[in-house]
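Notes follow the structure.
Letters A, B, ... mirror the listed sequences (proteins, then strands); counts begin at 1.
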Amino acid sequence: MNCSEVQERLSGYLEQSIDEGTAASVESHLSSCAGCRAEARHLADSIQLVSALPSVEPPGNFAQSVMARIRKAEARPNWWEWFFFPLTIKVPVHATALVLVAVLAAYLYRSERPAEPEPPAAQRTLNLDDKKQESATYERESLTSPDPQRKGRPDHETTPQGTPPPPAESREAAPESFALRAPAAGSAMEESSPSYELVIRLRVSPEQDPALNDKLDSLRKRAQDEVSARRSEPKSLARDLFSGARTDEPQTIWIDILHSEYDQFKKDLSSLGTIESESRPTAGTKPQTETADRLRIKLTLLPALKPEAAPPQ
Amino acid sequence: MLFEESSDGECVRSVQKGETDAFEVLVTRHQKAIFNLLYRLLGDYDEATEIAQEVFFSAYKSIRQFRREANFSTWLYRIAVNHANTRRKSMSRFRERTIPLEAAAPVADRRPGPDEAAEQREIQQTVQQALNSLEPNDAMIILLRDLQDVPYEEVARVLEIPIGTVKSRLHRARQVLKSKLAAFFYSDGNRP
């Protein structure tokens, strides 16, 4: 065996934990190798120095300290016992807390939910001349789309002239061409109501009577001018409202006139056709739109009837 | 019931059944070995006391996991090794510590003379410093085998390595310790 091999086996040799043959080989080498003998001696001394370290006594009350800590830990309830016992107290308390948390969560959830959108406002015709309406927003319905919220019978089937018409709510939606969506809820426009409602059945179709067409244009222009003068809407909008109206469908025009002009206004209308109904929807109460000197007229123009469909007298 | 005459296995069975008093017997029986191992590993009396208490407390808390076919001392040593390694990592500049041997109360077979006592203290302090400078695993295996005289098979179970690995690691650790001690003891030709 060489020195390296011997030194690898020195620990076993010193502890007498190697086989006899290996031990004999190591011993034979050591007898002739001073260097390995020195290594063996130093290794033995190191092992002896460690084993000779004095044994140290732990503190006198070591065992008692350990047991005291153990018994203290056992006396302390574990989390399960701490949380649920005694049952008669803990369970109701926890149940109540749970209910309160659930109620609070539901309350917070409901308060933070975005407000449900307002249902589409009822379609109404609007007073385009009202100053209060300048800030309102509205949309123009399709000229060809029927009024989905139309209530009651069509205007041309209302009672003859002089007979109080049905409530305004059932007739407001009749003029389909110019029916506009009501503005935002709560605005002044939404609550405006005409001083008078007049329903005119045109004598003939404006295409058949140029004079009648001229009068209608004049009437529309007057309404349009009043809109342009009193409101901030561009004139093109007013023009859009009145242009392109089909003459075979009811039309509604809102006009503001002086009190003193009302009778003459009716006479002028009679030249267009037959006043089928005249009503004051807010009879007994002054509408918001009526001032000391002006009236708001809701004028509904019904298309001329075909000869075979003439209304009964 | 008296547990002092019961074996480790019987005491463990009693503790597992809920008889806490039986554990005190186990503490009393193994406290010195565990304490000395920790003392020599950590180099501080108070540290060794604290960690030794932690070792026994941990053993009690996990007593139900102990398999009675194993050796209780082996299991206890393993807990002590884990705690000591954790503690030693957290101790800064551990390898430069000098153990205050005056604080310890060694059990001596005879009372040496003043000069001899001083010389012995110096030798022990030197050896302790050399142990402190070793890698934790090298110090552990040397203390288990050379200080505690734990059999190779048990050392293998404590460290959870094969016996052959125990022997080779032990030999290498001893060589390192020898080199450190040789510089002190053999530089001027003196022998310890």
Side-chain angles (χ1 to χ4, degrees), chain A residues 1 3-19 22-23 26 30 34-81, chain B residues 20-21 23-29 31-36 38-40 45 48-49 52-57 60-61 101 103-109 120 123-124 126-128 130-131 142-143 145-149 152 167-168 170-172 174-175 177-182 185-186 191-192:
Chain A
M1 297 178 87
C3 294
S4 177
E5 293 173 335
V6 166
Q7 290 179 15
E8 283 290 322
R9 291 165 173 79
L10 283 178
S11 287
Y13 172 76
L14 293 172
E15 292 180 326
Q16 300 179 355
S17 62
I18 55 177
D19 61 272
T22 305
V26 170
L30 290 175
C36 288
R37 278 201 304 276
E39 283 291 320
R41 185 173 67 249
H42 294 165
L43 184 61
D45 290 342
S46 297
I47 296 173
Q48 175 59 32
L49 285 170
V50 173
S51 62
L53 287 172
S55 179
V56 180
E57 285 291 332
N61 61 345
F62 180 83
Q64 289 79 8
S65 300
V66 171
M67 295 309 297
R69 183 177 174 183
I70 289 172
R71 292 191 176 100
K72 183 180 178 181
E74 284 202 322
R76 191 184 313 131
N78 58 27
W79 74 270
W80 176 262
E81 293 170 344
Chain B
T20 307
D21 292 342
F23 193 77
E24 187 170 2
V25 173
L26 294 172
V27 175
T28 304
R29 195 174 289 172
Q31 62 180 354
K32 191 171 180 179
I34 298 299
F35 180 84
N36 273 272
L38 294 172
Y39 177 70
R40 294 299 174 186
Y45 192 86
T49 302
Q53 288 187 353
E54 288 287 337
V55 168
F56 284 103
F57 188 71
Y60 179 82
K61 284 195 300 183
L101 290 176
V107 175
D109 294 331
Q120 284 186 2
I123 292 172
Q124 292 164 8
T126 302
V127 174
Q128 183 64 52
L131 287 170
I142 287 177
L143 290 171
R145 183 73 188 105
D146 297 339
L147 182 67
Q148 303 280 345
D149 201 23
Y152 276 105
K167 292 181 178 179
S168 61
L170 178 63
H171 180 68
R172 192 186 71 235
R174 284 170 172 171
Q175 296 280 26
L177 182 64
K178 174 182 67 66
S179 301
K180 293 179 181 295
L181 293 175
F185 290 115
Y186 304 112
R191 294 189 60 184

- Pair Leu53(A)-Leu131(B), side-chain contact (heavy atoms from CB on, under 4.5 Å): steps then yes or no: CA-CA 11 Å; Leu53(A) 287 172; Leu131(B) 287 170; 3.8 Å; yes

Output for pair (His171(B) NE2, Leu10(A) CG), nearest 0.5 Å, gives 6.0 Å

Pair count under 4.5 Å, heavy atoms only, with chain B: among Ala63(A), Ser17(A), Gly12(A), Ala52(A), highest is Ala63(A)

The interface call for Asp21(B) against chain A, heavy-atom contacts under 4.5 Å, is both

Bottom line for Ala33(B): the part with an atom under 4.5 Å from chain A's heavy atoms is neither

Shortest non-hydrogen pair, Phe35(B) vs Pro58(A), comes out as CG-CB, 3.7 Å

Can you confirm whether Glu74(A) sits close enough to Tyr60(B) that some side-chain heavy atom of one is under 4.5 Å from a side-chain heavy atom of the other? yes

Does a donor on one side chain and an acceptor on the other come within less than 3.5 Å for Tyr39(B) and Glu57(A)?
no

Residue set satisfying ring-ring contact (aromatic ring centres under 6.0 Å, His included) with Tyr13(A), at least two apart, ordered chain then number -> none

In terms of heavy-atom contacts, Gln175(B) and Glu39(A) come closest through OE1-OE1, 4.0 Å

Across all chains, not counting sequence neighbours, the ring-ring contact (aromatic ring centres under 6.0 Å, His included) partners of Phe57(B) are none

CD1 (Ile18(A)) and NZ (Lys167(B)) are apart, to the nearest 0.5 Å, by 9.5 Å

Checked Glu8(A), Arg71(A), Arg9(A) vs chain B; the most non-hydrogen pairs under 4.5 Å come from Glu8(A)

Interatomic distance, OG@Ser46(A) vs CG@Leu181(B), rounded to 0.5 Å, equals 4.5 Å

Rounded to the nearest 0.5 angstrom, the CD-OG distance for Gln148(B) and Ser55(A) is 8.0 Å

Cut-off 4.5 Å, heavy atoms of chain A, and the answer for Arg145(B) is side chain

Separation between CG (Leu43(A)) and CG (Leu177(B)), nearest 0.5 Å, reads 9.0 Å

State plainly whether the residues Glu15(A) and Arg174(B) are in salt-bridge range, i.e. N to O under 4.0 Å. yes

Let me see the working for Val27(B) and Phe62(A) under side-chain contact (heavy atoms from CB on, under 4.5 Å), right down to the final yes or no.
-> CA-CA 9 Å; Val27(B) 175; Phe62(A) 180 83; 4.2 Å; yes

- Query: So Lys61(B) and Ile70(A), side-chain contact (heavy atoms from CB on, under 4.5 Å) or not? Walk me through it.
  - Reply: CA-CA 9 Å; Lys61(B) 284 195 300 183; Ile70(A) 289 172; over 6 Å; no

Pair Arg69(A) + Glu54(B): basic N to acidic O under 4.0 Å
yes

In this structure, CG of Asp146(B) is separated from OG of Ser11(A) (nearest 0.5 Å) by 8.5 Å

Notebook entry, point to check: Between Lys32(B) and Val56(A), is any pair of side-chain heavy atoms under 4.5 Å apart?
Noted result: no

In terms of heavy-atom contacts, Val50(A) and Leu147(B) come closest through O-CD1, 3.4 Å

